[in-house]
Amino acid sequence: MSGDYKFNTLGLHAGHSPDSRHGSRAVPIHQTTSYVFQDTEHAAALFNMEVGGHIYSRISNPTVAVLEQRLAALEGGIGSVATSSGMAALFLTVLALCSAGDHIVSSSQMYGANINLFEHTLKRYGITTTFVKPNDLSGFKAAIRPNTKMVFGEVIGNPGMDIMNVPEVGKITAAAGVPLVIDATFNTPWLFKPLENGANIVIHSLTKWIGGHGIALGGAVIDGGSFDWGQNDRFPTLTEPHFGFQGVNLWEEFGPAAFITRVRTEGMYNVGPCLSPTNAFHLIQGIETLGLRMERHMANTVKMLEFLTGHEGISWVKHPLLPDHPDHDVAKRLMPKGAGSIIACGIKGGRAAGRAFIENVQVASHLANVGDAKTLVIHPGSTTHSHITPEAMEAAGLTDDLVRISVGLEDFDDLAADFNAALRIAGKVAGAAL
Amino acid sequence: MKVTVRGQETFVSTGGREFNPMDNVLLFIHGSGQSHLSYMLQGRFFANRGWSVLTPDMPAHGLSKGAALITIEDMADWMAELLDTLAVSSANVVGHSQGGLIGLELARRYPAKVKGLSQVATALAIPVNDALLSMAENKEPAAIAAMTDWGHGVDGHRHDHTMPGQDHMNYGKQLMAANASGALFADLTACVNYTGGSDAAAAVRCPCQVILGQKDKMTPLKFGLKMAEALDVSNPVVVAGAGHMLPSERPNEVNKALRSFFEIN
């Protein structure tokens with residue numbers, strides 16, 4: 001062959017060779033905790049990372065390794081570690097780079113658990129964070145300090161869908177000698193590959209579009225291998241003797257794989273948020289159709305935007321593809337195939353109408369997830385934020401009429417009919433309230 | 001560890017173990033545009049089995065400073081100077097690809113320093129096509145991408161690594177990109193200009209081993225077999241289905257062959 005395989009081929013094949021003994025075409029589920037050593041020398045070699053292989057499934061597992069290698073191939077990374085969730089992936093990334101007294105610069109418009117981790121949990125361990133709006137380039141530059149160990153953001157912010165200009169932020173972090181870590185959950189490598197656009201590390205919640213079926217939680221850290229950890233003395237966890245492996249220097253010993261080796265040898269050994277082999281298998285099934293599903297997600301999202309923007313029951317619609325979105329131009333430039341399948345919109349009639357809409361959809365599912373093959377809806381004003389005043393919600397960037405839609409793969413006519421029916425009922429509720 | 005050779009800071013990987021020149025020294029010589037990292041799965045393996053491992057980054061490669069060397073003969077001289085600097089009187093030598101040319105020349109010019117020579121995925125000469133040479137000079141990233149593609153066999157292209165979660169192709173690209181700009185062009189030029197392989201092979205007196213990839217596109221099997229013949233190696237090891245990047249793609253087969261050869265010698 002000439003060149004690397006393309007996206008859909010990698011999604012089907014990368015990381016797996018049928019074994020010579022059984023020839024299983026599907027990736028087998030290695031549902032085992034541990035692995036029989038050939039002899040004591042083999043055991044020692046595995047523990048010393050002299051040879052490849054598996055010791056204990058908290059550290060690595062053959063089924064999980066296929067998933068890791070497939071993700072690395074799709075993102076253009078030199079290696080990957082899969083984790084039990086996306087949050088675990090973010091925490092292991094921080095663990096590998098930061099110690100007490102260190103500092104992080106982060107986008108301010110992100111998934112709430114990410115914000116909480118940085119603002120509250122890490123602060124208890126002496127790691128502080130400066131938050132910057134994702135499109136404030138000068139803000140990122142100004143926030144980096146000598147003890148800053150990473151700059152973090154989401155390509156498509158959750159839930160506001162702000163777009164981070166990854167290539168431009170990447171220029172700033174490269175000049176400052178700090179790695180750029182990007183959560184690419186909402187875009188997936190089908191829409192945008194951060195490692196090819198200035199980022200150094202990618203993390204994913206695999207639970208969302210990568211899996212797509214809503215049956216398995218998972219996360220991943222993917223190392224681009226492009227960051228020079230030895231350029232300054234800022235990263236002692238990678239350039240000074242590691243307590244594992246006779247005190248080796250990971251940067252000297254493993255080069256571009258220094259970071260991902262630390263994630264596995266410290267994060268998995270000492271913290272252990274491992275992915276189950278069965279969940280890895282399920283996530284692999286999802287990846288096999290990721291390219292096809294993303295095409296459909298994007299097509300249905302365009303149709304949904306047309307439907308919502310023209311609907312009398314909708315007061316506003318927010319999505320990066322719409323010309324009035326503040327990051328519209330950046331989104332079109334970075335993600336020409338589409339800017340994700342999450343739409344926020346306002347139901348005319350406020351909180352009560354929003355609740356009525358949510359309670360009357362039949363095809364769409366009311367739940368707290370995104371990226372499923374099925375269309376999902378949630379109304380923060382009557383669920384996650386029901387105890388918060390409209391003023392406090394506005395301060396958080398939310399309004400009480402806001403409904404978040406994760407556009408799925410259904411036949412669009414059925415979605416339109418479902419939404420029309422629910423919006424009619426919401427309209428009656430709004431009318432009654434007036 | 002860091003040492004000074006020709007006045008330049010030189011990085012030498014010891015496989016994570018302390019180096020002792022009095023032990024059985026194993027010198028690994030990397031190929032064009034590579035670094036000590038191309039032997040990542042050999043260095044630690046042998047260092048933990050009693051060998052004193054030396055895997056230097058040649059000047060302008062990996063973590064070593066200085067300007068890239070431009071002839072195979074000078075590279076062999078540089079290796080000899082490195083051994084002198086480290087007070088190593090003789091070593092077993094492994095050469096991969098261009099490192100094999102250097103190994104041949106080192107064994108010819110400094111026979112007392114080479115106890116045994118293992119030639120991995122290499123040949124008596126490594127011609128480089130003009131298009132690749134031009135890319136290396138003018139579009140280095142394109143040359144790196146092409147060499148990473150051609151250098152890897154089916155395992156690399158399937159992204160199937162023996163180390164869980166790792167990726168051959170993307171790691172290979174980053175390894176090469178980490179070298180100083182121009183190092184690859186200097187290496188490939190040195191290969192193009194080297195014509196002494198047959199004479200060097202005829203002059204080699206130490207025990208030799210040849211390990212080849214059946215599907216090697218960079219130094220095709222037939223040329224490796226000619227080198228084996230020139231070195232009087234009657235039983236070359238041919239790794240079925242393997243490409244050019246044997247040390248990283250097929251570490252188990254390579255380590256087994258190297259170990260059996262060097263334990264006998």
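Naming: A, B, ... by sequence-line order, numbering from 1 per chain. Keep in mind the model is a prediction, meaning the values are calculated, not measured.
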Q) What pair of heavy atoms forms the shortest contact from A:Phe254 to B:Tyr171, and how long is it? A) O-OH, 2.9 Å
(Q) Looking at chain B, which one of A:His54, A:Arg70, A:Met49, A:Glu41 has the largest number of heavy-atom pairs inside 4.5 Å, strictly under? (A) A:Glu41
Q) Counting distance only, does the side-chain N/O of B:Asn170 pair as donor-acceptor with the main-chain N or O of A:Gly77 below 3.5 Å? A) yes
Which donor-acceptor pairs under 3.5 Å do the side chains of residues 135-143 of chain B make with protein atoms, sequence neighbours left out?
residue, atom, partner, partner atom, Å
B:Asn138, ND2, B:Ser134, O, 3.1
B:Asn138, ND2, B:Ser134, OG, 3.4
B:Glu140, OE2, B:Gly182, N, 3.0

Q) CG/A:Asp4 to NE2/B:His157 distance, rounded to the nearest 0.5 angstrom? A) 6.5 Å
Q: Can you check whether anything in residues 14-26 of chain A gets within less than 4.5 Å of chain B, heavy-atom wise, and list it by number?
A: A:Ala14, A:Gly15, A:His16, A:Ser17
Q: Report yes or no: does A:Arg264 contribute a side-chain atom to a donor-acceptor pair with the main-chain N or O of B:Pro164 at less than 3.5 Å?
A: yes
(Q) Less than 4.5 Å apart, side chain to side chain, heavy atoms only: is that true for B:Gln166 and A:Ile78? (A) no
Q) Quick one: what part of B:Phe11 sits under 4.5 Å from any heavy atom of chain A, side chain, backbone, both or neither? A) side chain
Q | Part of A:Leu10 lying under 4.5 Å from any heavy atom of chain B | A | side chain
**Q.** Part of B:His36 lying under 4.5 Å from any heavy atom of chain A
**A.** side chain
(Q) Between A:Glu50 and B:Arg17, does any NZ, NE, NH1 or NH2 come within less than 4.0 Å of an OD or OE carboxylate oxygen? (A) no
Q. In this structure, are over 12 heavy atoms from other groups packed under 6.0 Å from A:Tyr35 atom OH?
A. yes
Q. B:Gln174 and A:Ser226: which non-hydrogen atoms are nearest, and at how many Å?
A. OE1-CA, 3.5 Å
Q.
As an exercise: rank A:Gly76, A:Ala82, A:Gly79 by heavy-atom pairs under 4.5 Å with chain B and give me the winner.
A. A:Gly76
Q. Quick one: of B:Asp160, B:Thr55, B:Thr162, B:Asp57, who has the most non-hydrogen atom pairs under 4.5 Å with chain A?
A. B:Asp160
**Q.** Pairwise distance CE(B:Met163) to CD(A:Glu68) - rounded to 0.5 angstrom
**A.** 12.0 Å
Q. Judged by atom type as modelled, is there a donor-acceptor pair below 3.5 Å linking the side chain of A:Gln69 to the main-chain atoms of B:Gly165?
A. yes
Q. Of the listed residues (B:Arg259, B:His152, B:Gln42), which shares the most heavy-atom pairs with chain A below a 4.5 Å separation?
A. B:Arg259
Q) If every non-hydrogen atom of B:Gly15 is compared with every non-hydrogen atom of A:Glu253, which pair is closest and at what distance? A) C-OE2, 3.3 Å
Q) Any idea which heavy atoms bring B:Gly16 and A:Val248 closest together, and the distance? A) CA-CG1, 3.8 Å
Q) Taking side chain as C-beta onward, heavy atoms only, is B:His159 less than 4.5 Å from A:His13? A) no
Q: Measure the CG-CG distance between B:Asp167 and A:Asp223 for me, rounded to the nearest 0.5 Å.
A: 11.0 Å
Q.
So for B:Leu63, is it side chain, backbone, both, or neither that comes closer than 4.5 Å to the heavy atoms of chain A?
A. side chain
Q | Inter-residue atom distance B:Arg49.CZ - A:Asn48.CG, 0.5 Å rounding | A | 8.0 Å
Q: Inspect the surroundings of CD in B:Glu18 and state if more than 12 heavy atoms from other residues, nucleotides or ligands are less than 6.0 Å away.
A: no
Q | Heavy-atom side-chain proximity of B:Arg44 to A:Val51 below 4.5 angstrom | A | no
